[in-house]
Protein chains: 2
Amino acid sequence: MIPTYLGGLAMVNVNMLPACPVETTLTLISDKWKVLIIRDLLDGTRRFSELRRSIGHISQKVLTSNLRQMENDGLVRREVYAEVPPRVEYSLTETGQSLKPVIDAMWNWGESYKAKLAAD
Amino acid sequence: MIPTYLGGLAMVNVNMLPACPVETTLTLISDKWKVLIIRDLLDGTRRFSELRRSIGHISQKVLTSNLRQMENDGLVRREVYAEVPPRVEYSLTETGQSLKPVIDAMWNWGESYKAKLAAD
DNA sequence: CAGTATCCCACGGGATACTG
DNA sequence: CAGTATCCCGTGGGATACTG
């Protein structure tokens, strides 16, 4: 079955991004939930409801909103299957996957921070 | 969030941090300005007003608030010099400096993201 | 199942004034 | 200079109800 691709084009204008690369990254993933969405999608494709469960206590509205923004930013791919009941699968684009080093760095730091606290 | 302060000493309770290390990191640096504060302090010690200028359009109240939290979380060191006019210097603790890989990863990703956009 | 559509609110953050 | 002290506001996000 051929999935329907909706959106998928980056709508971001490079001229409107901050000069500093760090700030650029912040504008794209600094929302409360986006990093967690990426963390979970790094493990592979997920359906909407799967994401909701794996992320934690995120509401439908907010998850939808975040996913749409990330789709517009070219980080996430959304594939709709014409089935009943409907199935929608989310995955990372290449650009989205390229965030792995960032997530990994956050993972490592979080681990060592907790280890340091536990040592006291 | 959910840092606990024991006996007036800055102290985060490891048991109240999220299980996932990525979430732990988010808890500590996901505020709008903290990453930028760290970015600038990675270049060395800065006075309050220097930080204000280098960061951008942050208000006094918010900069103070963020710095206090980061001090409590053990990321930032605050040194007050008994002079007139007063001089207060901020620098990263070892723990704060250990965030460099995270900031670097964000820097690199932001650069390549903009390069990708510019290529289109 | 995967969303919209509403309503609502806490709070991070901005603006301004004042001070040791 | 490096802050407090107030007042104020936009909005990200939560809760609930409804739908193709």
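All chains are named by letter (A, B, ...) in the order of the sequence lines, taking the proteins before the strands, and each is independently numbered beginning at 1.
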Trainee: What is the distance from CG of B/Leu67 to C1' of C/dG13, rounded to the nearest Å?
Mentor: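 B/Leu67 atom CG is separated from C/dG13 atom C1' by 15 Å.
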
Trainee: Per the side chain to side chain contact (heavy atoms under 4.5 Å, CB included) rule, which among A/Leu28, A/Ile38, A/Thr95 passes with A/Met70?
Mentor: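 Single pass found, and it is A/Ile38.
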
Trainee: Could you check whether any side-chain heavy atom of A/Phe48 comes within less than 4.5 Å of a side-chain heavy atom of A/Leu63, counting everything from C-beta outward?
Mentor: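 Yes - at least one pair of side-chain heavy atoms lies under 4.5 Å apart.
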
Trainee: Specify the separation, in whole Å, of atom CG of A/Asp31 and atom P of D/dG14.
Mentor: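 So the two atoms are 12 Å apart, to the nearest Å.
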
Trainee: Does the Lys NZ or Arg CZ of A/Arg87 fall within the cation-pi geometry relative to A/Tyr81 - under 6.0 Å from the ring centre and within 45° of the axis?
Mentor: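 Checked: cation-pi criterion met.
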
Trainee: Would you indicate, yes or no, if D/dA2 has its OP1 or OP2 atom less than 4.0 angstrom from a side-chain nitrogen or oxygen of B/Ser49?
Mentor: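 So the side-chain polar atoms of B/Ser49 do come within 4.0 Å of the phosphate oxygens OP1 or OP2 of D/dA2, strictly under.
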
Trainee: Tell me the partner of C/dG13, counting only Watson-Crick (N1-N3 plus N6-O4 or O6-N4) or G-U wobble (N1-O2 and O6-N3) with both under 3.5 Å; none if nothing fits.
Mentor: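 The base-pairing partner of C/dG13, which may sit in any strand shown, is D/dC8.
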
Trainee: Under a 4.5 Å cut-off applied to non-hydrogen side-chain atoms, are A/Gln69 and A/Lys34 in contact?
Mentor: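 Yes, at least one pair of side-chain atoms sits under 4.5 Å.
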
Trainee: Can you check the A/Gln69 CD to D/dT11 C1' distance for me, whole Å?
Mentor: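 Going from CD in A/Gln69 over to C1' in D/dT11 covers 12 Å.
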
Trainee: Grab the OH-C1' distance between B/Tyr81 and D/dA2 for me, whole Å please.
Mentor: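 For the pair B/Tyr81 OH and D/dA2 C1', the rounded distance is 15 Å.
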
Trainee: Is it true that atom NZ of A/Lys100 has more than 12 heavy atoms of other residues, nucleotides or ligands lying nearer than 6.0 Å?
Mentor: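 It does not: A/Lys100 NZ has 12 such atoms or fewer within range.
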
Trainee: Quick check on DNA chain D: between B/Arg53 and B/Arg68, whose nearest nucleotide comes earlier from the 5' end?
Mentor: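 Looking at DNA chain D, the more 5' nearest nucleotide goes with B/Arg53.
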
Trainee: Tell me: CZ of B/Arg78 to P of D/dC1, nearest whole Å?
Mentor: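 Spelled out: CZ on B/Arg78 to P on D/dC1 is 16 Å.
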
Trainee: Please encode protein proximity along nucleotides 15-20 of chain D as a string of B, S and -, counting only heavy-atom distances under 4.0 Å.
Mentor: B-B--B

Trainee: When all nucleic acid strands are considered with a 4.0 Å heavy-atom cut-off, which category describes A/Tyr90: base, sugar-phosphate, or nothing?
Mentor: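 Sugar-phosphate: the residue A/Tyr90, judged by heavy atoms under 4.0 Å, touches backbone atoms but no base.
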
Trainee: Please determine if B/Glu23 and A/Arg39 form a salt bridge, counting it only when a charged side-chain N lies under 4.0 Å from a carboxylate O.
Mentor: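 Counted as a salt bridge, because a side-chain N and a carboxylate O are separated by less than 4.0 Å.
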
Trainee: Write down the partner of D/dC18 under the Watson-Crick or G-U wobble criteria, each distance required to be under 3.5 Å.
Mentor: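 Pairing partner: C/dG3.
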
Trainee: Taking atom P of C/dC11 as reference, at what distance in whole Å does atom NZ of B/Lys32 sit?
Mentor: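 Distance check: B/Lys32 NZ to C/dC11 P gives 18 Å.
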
Trainee: How many whole angstroms separate atom CZ of A/Arg52 from atom P of C/dT4?
Mentor: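 It works out to 13 Å between those atoms.
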
Trainee: For the side chain of A/Val62, counting heavy atoms from C-beta on, which of D/dC1, D/dG14, C/dA2 is nearest?
Mentor: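 Nearest nucleotide to the side chain: D/dG14.
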
Trainee: The side chain of A/Ile58 is closest to which nucleotide in this list: D/dG14, C/dG13, C/dG3?
Mentor: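 Within the option list, the nearest is D/dG14.
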
Trainee: In whole angstrom, what separates B/Lys34's NZ from C/dG12's C1'?
Mentor: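 Those two atoms, NZ and C1', are 11 Å apart.
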
Trainee: Between B/Arg77 (side chain only) and B/Leu92 (backbone N and O only), is there a donor and an acceptor less than 3.5 Å apart?
Mentor: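 It does hold such a pair.
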
Trainee: Considering just the side-chain nitrogens and oxygens of B/Arg47, establish if one lies under 4.0 Å of OP1 or OP2 belonging to D/dG3.
Mentor: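 It does not, given that no N or O in the side chain of B/Arg47 lies less than 4.0 Å from OP1 or OP2 of D/dG3.
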
